[in-house]
Amino acid sequence: MENSADDKTKRFLTDFLSCQTDLRGYIGALVWDEGLREDIFQEVSLALWESYDRFDASRSFGAWARGVATKKILGHRRNSGRIPLIMDPEAIEAVMNAFDRTERGSTDREDALKHCLKRLPDRLRSLLTLRYGEGLRCEEIARRSRMTLDATYQALSRCRAQLEKCVTQRLQNS
Amino acid sequence: MDDTLIYRYFDQTLEAHEIEELAEKLCTSPDTADRFACLARQEARLRLHFTDALAALPIAGIAKQLGQPPSQPEPDKVHSKRWKTGSVISGFAVSAALVVVGAIAYVLMQWDTAPADLVMSDRSQVIQKPPTYGLGDTRPRSGVTAEQSATRVRQRLSRFGLPAVNIVNLELPAALTALQSAMEEVDHLGWRKQEPLEFIVENDPDAPRKLVTLIKRNITALDALNLLAVQTRSQLVIEPPLLKLAPVSPSSGLPLSQRSFSFPANWMERSPYIDDNAEDEIKWPSPSEQSDLQQDIASMEEIIHFDGDLIENGLVADLKDPIVDALYSNYTRDTDQEELLPLLRKSVEIARSKLDAKLKEARRRLEEIEALREDLVERTDPGAIHAHLRDWGLNIPTDAALAFNDETSKLIAHLDPQTTESLSTVMNALNGTLGSGNQIFITAKALDLPLQHPQEDRVIDESEFAQLVVEWNNMTGADILSTPSIVTRTQQRAKIEVIREVFFPVNFDQEGKISELGIDRTGIVLEFHPALSGELVHLSGSVDFGEQMKDAAEIPATGSPVKHYITEFDVTFMSGQSAVINCEAPDSQEKNRVIVMTAELVDSKGKKISPALPPAD
């Protein structure tokens, strides 16, 4: 009995750990509020653990997790109104399908991203720190960096595009 | 579609109608939706990287290396805003976090012996443990195919550690029995009882019976079996419950076997390939140099081609120019603006032109790298591999099959066993398992022994050789003819000559004087081609004894008075062992001629390389 519980724990961890960045990406794509995003992620994690016995191992764990997350997000929107309306349910379903289609391992990408971030010019890295580390909006970033708002948008967009290109190339080369 | 709309969505700068436009596109265009998913993942990774969540996240570390403990989250920083609300949701969240952290701790305790470089996708490795003496539970399971069963037994054998194997000059069946006994001695977990294997030898009736020797410490059962197979030119066939050492199956006259070799990622970089034009070793770029350069170029291009005012937008720091930096820090003081601005603009232009030169150099290097990488790809095709291996001194027979899988970096070779072993040696060297400085020290003793002391062709170990030397020293009528020695490397043909030149007439003129002389030699010429595979030394070659004819009636008027007695040999033994080989000799001398060759692995300084000792416990 104990062994069976251990096995379940191991299997769950293996599945959960491999898709958790993906799950964060999915929830983050639909929920803008940073705190709420974390709450939903943790609620989904708990729900996945509690109902893991019912999970069909022949299916994708990531797809199942996203299905649970979608229900949670829509439930929050219906019940508490805490989630601002970003997208309609059809668009959410389209995003969920896109995540299913493009699902792949993320560990290598995380390593590649770390490498590419190191090679960014200091200024661009500090822009990203303000944006993602401190969660500032572009207006505040522009003010703190003494840049115009347009230049901030432009720099952030180019920086992300550059990072994505670098990560892709690095993965191809490795 | 342009990514701008998606980036602006994530930056939360879209107007309501733009969000509708994006939602519409997501529903109607799968490409846009895929792109959206891709960028959403990148956003998540960036958020994780730049927030405490990344440090708190044990997942990335665990997924990559289960053997290392994760960094623990700092409780006061993790989602502080939300935890303070004290809501029911937060309570669940705490439970979830505790479940996850607790389970991770449990798994780390359970898997603390896992190898360091695990990836989550390979779950079979997660439960793999290092080799131990004896075996774990290997009970046969129902519903498995013969192939799966063979793979399982092979894996078990590869983990069945034997503290010592001591097989000396035994025929193969007896050697296998000795090996089985050695396995039973340490099989505390009773695998052999639960899953009995029958060791059998499939003999080729025409093949000469060969004696094998295997003296090793701390070796796995699989390695021991393979070493016995190599010595007897047979192959290990695992067909549970049978475990056979079978002769290598002949195919169109050439015995072939299939092996797969893992190439190191940088195998081409370590190549001794000589470029025809450069006559020098090619310096291959490091795997990351190309992508690093591409990113540097993109950064420089962004600065150089920035269409706004660098000073106005605060981008001058990217120029990384000390003069510009100094002027810019003063420029921010309003009082100096009028005076400093022209100077700053001028300096920015100069720095920009310097950056431009750097950019050109980076682009040139990138082109060079791209050309080299194309060259690299061309050389990984199977045809080129033949040529490449020739650079390593390995001639692959033309009818051999080689296939290179670029994705897995595996070379599949279908070759005769001897070439396979040579290839294995080269692969070991490429993979760095053999130190590049390793050499083979070969000593030979040529002796004539009385007829009443015949010697068998065999492999002997160090202590037996020492006993023989003492025996021969005290033996009446035993003569040591020569004791040459040489240091060489694997695949490096070596020749030792201990000779005296003999001149003889080839032609006479009309007056009966010698008009042309020929040269021959008496003495010993030892020629061999060594090949290393781990500690296994394969020596093939010949020994040539040149003897001056003693009977005057035999000596030709215009030919060499030297008769050559040539013996060819082909022997495989362990480093430190010796091979005793009977040689051709003149019948008239009524003695046995024997040569004893010893091979030892030595490092670049000539120091003997000893096998690893077993663990202290």
Side-chain angles (χ1 to χ4, degrees), chain A residues 9-10 13-14 17-18 20-22 24-26 28-29 32 35 38-39 42-43 45-46 49 86-88 90-91 94-95 97-99 101-102 105 107 109-110 113-114 116-117 119 121-123 128-129 132-133 137-138 145-148 151 156-158 160-162 164 166 169-170 173-174, chain B residues 3-4 7 11-13 19 23 26-27 30 33-34 36-38 40-51 59-60 62-64 79 81-82 89-90 92-93 95-97 99-100 103-104 106-107 119-121 123 287-288 290-292 294-296 298-299 302 308 313-315 317-318:
Chain A
T9 310
K10 282 179 189 173
L13 274 175
T14 308
L17 301 184
S18 61
Q20 86 136 10
T21 309
D22 216 53
R24 281 180 185 278
Y26 178 69
W32 276 353
E38 270 315 306
D39 275 355
Q42 288 167 30
E43 278 180 56
S45 307
L46 189 60
W49 167 247
I86 306 174
M87 287 186 183
D88 54 42
E90 288 77 22
V95 172
N97 292 337
F99 267 80
R101 280 195 301 272
T102 54
T107 313
R109 288 192 164 263
E110 279 155 22
L113 181 69
K114 275 181 201 164
C116 293
L117 279 168
R119 298 190 65 81
D122 295 343
R123 181 189 59 84
L128 292 177
T129 309
Y132 295 103
R137 298 177 71 96
C138 289
S145 327
R146 293 185 304 175
M147 290 166 69
T148 62
L156 273 174
S157 296
R158 283 181 182 177
R160 286 181 289 212
Q162 214 181 93
E164 201 211 350
C166 170
Q169 276 164 353
R170 193 167 171 79
N173 290 338
S174 65
Chain B
D3 292 336
T4 312
Y7 280 136
D11 288 338
Q12 302 176 26
T13 58
I19 293 178
L26 290 173
C27 294
D34 290 354
F36 182 87
C38 185
R41 286 189 177 100
Q42 180 174 280
E43 285 287 299
R45 281 187 210 105
L46 283 167
R47 270 196 303 271
L48 286 169
H49 183 89
F50 284 100
T51 56
I59 287 45
I62 290 168
K64 197 160 167 55
H79 324 309
K81 274 191 287 186
R82 306 306 306 174
I89 292 171
S90 300
F92 276 117
S95 313
V99 166
V100 171
I104 288 163
Y106 171 81
V107 170
V119 286
M120 285 301 287
S121 58
R123 294 185 205 177
S288 63
Q290 190 177 21
S291 55
D292 291 350
Q294 280 162 339
Q295 199 185 356
D296 290 348
S299 299
E302 187 192 324
N313 284 298
L315 299 175
D318 288 347

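The model shown is predicted, which means the values in this text are computed figures rather than measured ones. Lettering follows sequence order; numbering is per chain, from 1.
With respect to chain B, the highest number of heavy-atom pairs below 4.5 Å among C138(A), S157(A), G133(A), A161(A) belongs to G133(A). Of the residues considered (N97(A), L117(A), V95(A)), L117(A) shows the highest number of contacts with chain B, using heavy-atom pairs under 4.5 Å. Ranked by non-hydrogen atom pairs under 4.5 Å with chain A, the options A298(B), A44(B), A37(B) are led by A37(B).
With a 4.5 angstrom heavy-atom cutoff, F36(B) touches chain A only via side-chain atoms.
Once rounded to the nearest 0.5 Å, the distance linking CG of L113(A) with NE2 of H49(B) reads 6.5 Å. Atom CZ of R45(B) sits about 9.5 Å away from atom CD of E164(A), to the nearest 0.5 Å. In this structure, CD on E90(A) lies 12.0 Å from CG on L26(B), to the nearest 0.5 angstrom.
Side-chain N or O atoms of R137(A) include one that pairs as donor or acceptor with a backbone N or O of Q12(B) at under 3.5 Å. Not one N or O on the side chain of R47(B) forms a donor-acceptor pair closer than 3.5 Å with the backbone of G25(A).
Within the 4.5 Å cutoff, the side chain of L128(A) has heavy atoms near those of the F50(B) side chain.
Considering all non-hydrogen atoms of both residues, A23(B) and A91(A) come closest at CB-CB, 3.8 Å. Shortest non-hydrogen contact noted between A40(B) and F99(A) is CB-CZ, 3.7 Å.
With sequence neighbours left out, Y132(A) forms a side chain to side chain donor-acceptor pair (under 3.5 Å) with R160(A), E43(B).
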